[in-house]
Novice: 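Okay, here's the structure, questions in a sec.
By convention here, the first residue in the shown sequence is residue 1.
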Amino acid sequence: MRVWFSSVTRPDRQILPRLAALLLAPLMGLVLGLSAASAQTFSSGSSPFGESRFLPVDEAFQFYTTIDSAERLSVHWQIAPSYYLYQDKFRFSAVSANKEQAIELQTTLSEGAPHNDEFFGDVLVYYGDALTSVTLTASIPKKFTLLIEYQGCSDGGLCYPLQKRKFEILLSSTL
């Protein structure tokens, strides 16, 4: 006599992994979909907590220099919206090619806006753009490194550490 129900009484060892795969596949799809949406949110500039992402310092505070004459160069600042630079944190120095001599340079700064700072008190800051004119005296060599120091913050609460940038300057004798 044949028994046809023997497969029913014998446990199928493949059923549990298949059942788990069937149940977990939609859940994994949901998790991966949420991960992709989260990654897109981060790349568009905000975090999952609703805060905006802060710009890298060189994007928040962009600048370029121009040599106006043998006695003057200018630094033109372009400041990102909702970011500002402290007027009293600017420092400009000329470092000789052999790095033996550093001369602090005299500057003329554009007018700053009053700002009450949590840490520094009442200060002057720059929003939007700023212009710094740097006086070059006869004691400065024709070839030198311009050292620029500055510090700024975001209205969102992030303050950057003091920044230092160096540029090689060669003054032409025809200026």
Novice: Is the cationic atom of K164 (NZ for Lys, CZ for Arg) positioned less than 6.0 Å from the six-membered ring centroid of Y150 and within 45 degrees of its normal?
Specialist: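 The answer is no, since K164 fails at least one limit relative to Y150.
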Novice: Out of curiosity, H76 NE2 to S110 OG, how far, rounded to the nearest 0.5 Å?
Specialist: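 The OG atom of S110 is 11.0 Å from NE2 of H76, to the nearest 0.5 Å.
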Novice: Find out if a path of hydrophobic residues (ILVMFWY) with successive side-chain heavy-atom gaps under 4.5 Å connects I148 to I169.
Specialist: yes
Novice: Check the pair Y86 / L124 against side chain to side chain contact (heavy atoms under 4.5 Å, CB included), numbers first and verdict last.
Specialist: CA-CA 6 Å; Y86 293 105; L124 294 174; over 6 Å; no
Novice: Got a sec, which pairs hit disulfide bond (SG atoms under 2.5 Å apart) with one end in residues 94-164, sequence neighbours left out?
Specialist: C153-C159
Novice: Measure from the side-chain N and O atoms of T66 to the backbone N and O of D68, and report whether any donor-acceptor pair falls under 3.5 Å.
Specialist: no
Novice: Answer whether the closest heavy-atom distance between the side chains of I79 and Y126 falls below 4.5 Å.
Specialist: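 They are in contact (side-chain heavy atoms under 4.5 Å apart), so the answer is yes.
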Novice: For a quick check under 3.5 Å, do T145 and E168 share a side-chain donor-acceptor pair by atom type?
Specialist: yes
Novice: Taking it one step at a time, do I140 and L105 satisfy side chain to side chain contact (heavy atoms under 4.5 Å, CB included)?
Specialist: CA-CA 9 Å; I140 296 173; L105 301 171; 3.1 Å; yes
Novice: Sequence neighbours left out, what pairs pass side-chain hydrogen bond (donor to acceptor under 3.5 Å, both in side chains) with at least one residue falling in residues 152-161?
Specialist: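 For residues 152-161, and leaving out neighbouring residues, the side-chain hydrogen bond (donor to acceptor under 3.5 Å, both in side chains) pairs sorted by first residue read Y127-D155.
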Novice: Taking the six-membered ring for Trp, are F63 and F167 closer than 6.0 Å centroid to centroid?
Specialist: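 Yes; F167 has its ring centre under 6.0 Å from that of F63.
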Novice: Can you list the steps and then say if K89 with E149 is a side chain to side chain contact (heavy atoms under 4.5 Å, CB included)?
Specialist: CA-CA 7 Å; K89 301 299 180 193; E149 297 180 34; over 6 Å; no
Novice: Can you label the angle between the F92 ring and the F90 ring as parallel, tilted or perpendicular, going by 30° and 60°?
Specialist: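 It falls in the parallel class, under 30°.
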Novice: For P161, is there any backbone N or O sitting under 3.5 Å from a side-chain donor or acceptor partner on Q163?
Specialist: yes
Novice: When hydrophobic residues are tied together by side-chain contacts of less than 4.5 Å, even through go-betweens, does V75 share a cluster with L147?
Specialist: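 Result: no, two separate clusters.
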Novice: Quick one: do L158 and F120 end up in the same hydrophobic cluster if we chain Ile, Leu, Val, Met, Phe, Trp and Tyr together by side-chain heavy atoms under 4.5 Å apart?
Specialist: no
Novice: If you group Ile, Leu, Val, Met, Phe, Trp and Tyr by side-chain heavy-atom gaps below 4.5 Å, do V125 and L109 land in one group?
Specialist: no
Novice: Mind checking whether I103 and L146 sit in one hydrophobic cluster, side chains of I, L, V, M, F, W, Y counted as touching below 4.5 Å?
Specialist: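 Yes, it is one cluster - the side chains of I103 and L146 are joined through contacts under 4.5 Å.
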Novice: Does any part of the side chain of W77, heavy atoms only, come nearer than 4.5 Å to the side chain of L131, both counted from C-beta?
Specialist: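 Contact flag for L131/W77 side chains = no.
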Novice: May I have the step-by-step check of ring pair (Phe, Tyr, Trp, His ring centres under 6.0 Å) for H115 and Y84, ending in yes or no?
Specialist: CA-CA 10 Å; H115 178 76; Y84 57 91; 4.6 Å; yes
Novice: Any side-chain to backbone donor/acceptor pair from Y83 onto L55? Under 3.5 Å, distance only.
Specialist: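 Side chain of Y83 to backbone of L55, a donor-acceptor pair under 3.5 Å: yes, one is there.
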Novice: Applying side chain to side chain contact (heavy atoms under 4.5 Å, CB included) to R165 and D58, what does each step give before you reach the verdict?
Specialist: CA-CA 10 Å; R165 301 292 183 268; D58 290 329; 2.8 Å; yes
Novice: Counting only heavy atoms not in E59, do more than 12 fall under 6.0 Å of its CD?
Specialist: yes
